[in-house]
Amino acid sequence: MDFSSPSSGSSSSSQFNPETFKSQLQNQLAQAYAEEFLETLRTKCFDKCITKPGSSLSGGESSCVSRCMDRYVEATGIISKALFSATQH
Amino acid sequence: MDPSVMQNPEMANFINQEQQRAMINEMVGKLTSACWDKCITSAPGSKFSSSESACLSNCARRYLDMSMIIMKRFQNMQ
C-alpha cells in the first residue's frame, strides 16, 4: 500500500499528516475490498454460467452472469445479516 | 513515518477499527463463498427460492455453531 503524502495541499508535505494517512488508508482498503469482491464474482459466475465455453458469449450466458452478480450480492447480505443477528444474542 | 505516531491513542483506535473491519470483511467473504457453493446448486435465477435463502442463512448460523463446538472440544484436548 502506498502511504506517500499528497503532492498538493500541505506546505510541509514531507511531514506525516494523520488525517491524510487515515483517509488514504480507508480509500486504499475500500479499493482492495472491491477488487477482492470482483475477483470472487468472476470466479463464482464463471463456474455457474459459462459451463461450455463456445466461440462467443451467448445471450443466455450474459443474462446468467447479470443474475449471478445480483444473487451473489444478495447472498452476501443474507450471510452478513445472519452473522450479525447471531452475535447479538 | 515516525513509529511513535502509532502510540497516539486516537490513531491506535483507528487502526484497531480498520483491523476489525478487515477481519469481519474476510469472514463474510469466506462464508458467503462457501455457503454459495453449498446452497446455490443450479444456475442463478432472478431471485432466490425460499429454500435457497433459508439455506444461506442456516449455513452461516451452523458455521458459528460448529465453530463453538470446535473451540470447546479443542480446549478439552489441551
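Order of the sequence lines sets the chain letters (A, B, ...), proteins ahead of strands, with each chain counted from 1.
Scanning both residues, A/Y33 and B/N25, for their nearest heavy atoms gives CD2-OD1, 3.8 Å. The two residues A/L83 and B/M27 have their closest heavy-atom pair at CD1-CG, 4.0 Å. The minimum heavy-atom distance linking B/L56 with A/A75 is given by the pair CD1-CB, 3.8 Å. Between B/I15 and A/F21, the shortest heavy-atom distance links the atoms CD1-CE2, 3.9 Å. Closest heavy-atom contact between B/P44 and A/C64: CD-SG, 3.9 Å.
Residue-environment remark: CE (B/M66) exceeds the threshold of 12 foreign heavy atoms within 6.0 Å. Counted within 6.0 Å of CD on B/E10, heavy atoms from surrounding residues, nucleotides or ligands total 12 or fewer; the atom is thus considered open.
Of the residues considered (A/E36, A/Q26, A/K81), A/Q26 shows the highest number of contacts with chain B, using heavy-atom pairs under 4.5 Å. The greatest number of non-hydrogen atom pairs below 4.5 Å with chain A, out of B/S57, B/A60, B/G29, B/G45, is found for B/G45.
Residue contact with chain B, scored on non-hydrogen atoms closer than 4.5 Å, involves the backbone and the side chain of A/Y72 alike. Interface remark: A/C49 contributes side-chain atoms only to the contact with chain B (heavy atom separation under 4.5 Å).
The shortest side-chain heavy-atom distance between A/T40 and B/W36 does not fall under the 4.5 Å cut-off. Residues B/C35 and A/I79 form a side-chain contact, since some pair of their non-hydrogen atoms from C-beta on lies under 4.5 Å apart. Using a 4.5 Å heavy-atom cutoff, the side chains of A/R71 and B/I40 are not in contact. Side chains of A/I78 and B/F48 form a contact here, defined as non-hydrogen atoms less than 4.5 Å apart. B/M11 is listed as a side-chain neighbour of A/K22, based on a closest heavy-atom distance under 4.5 Å.
Cluster membership check: B/I70 shares its hydrophobic cluster with B/Y63, using side-chain heavy-atom separations under 4.5 Å among Ile, Leu, Val, Met, Phe, Trp and Tyr.
In this structure, a donor-acceptor pair under 3.5 Å is present between the side chains of A/S85 and B/R61.
Taking the charged nitrogens against the carboxylate oxygens, A/K44 and B/D37 do have a contact shorter than 4.0 Å, which makes a salt bridge.
Rounding to the nearest 0.5 Å gives a distance of 14.0 Å between NZ of B/K47 and CG of A/D70.
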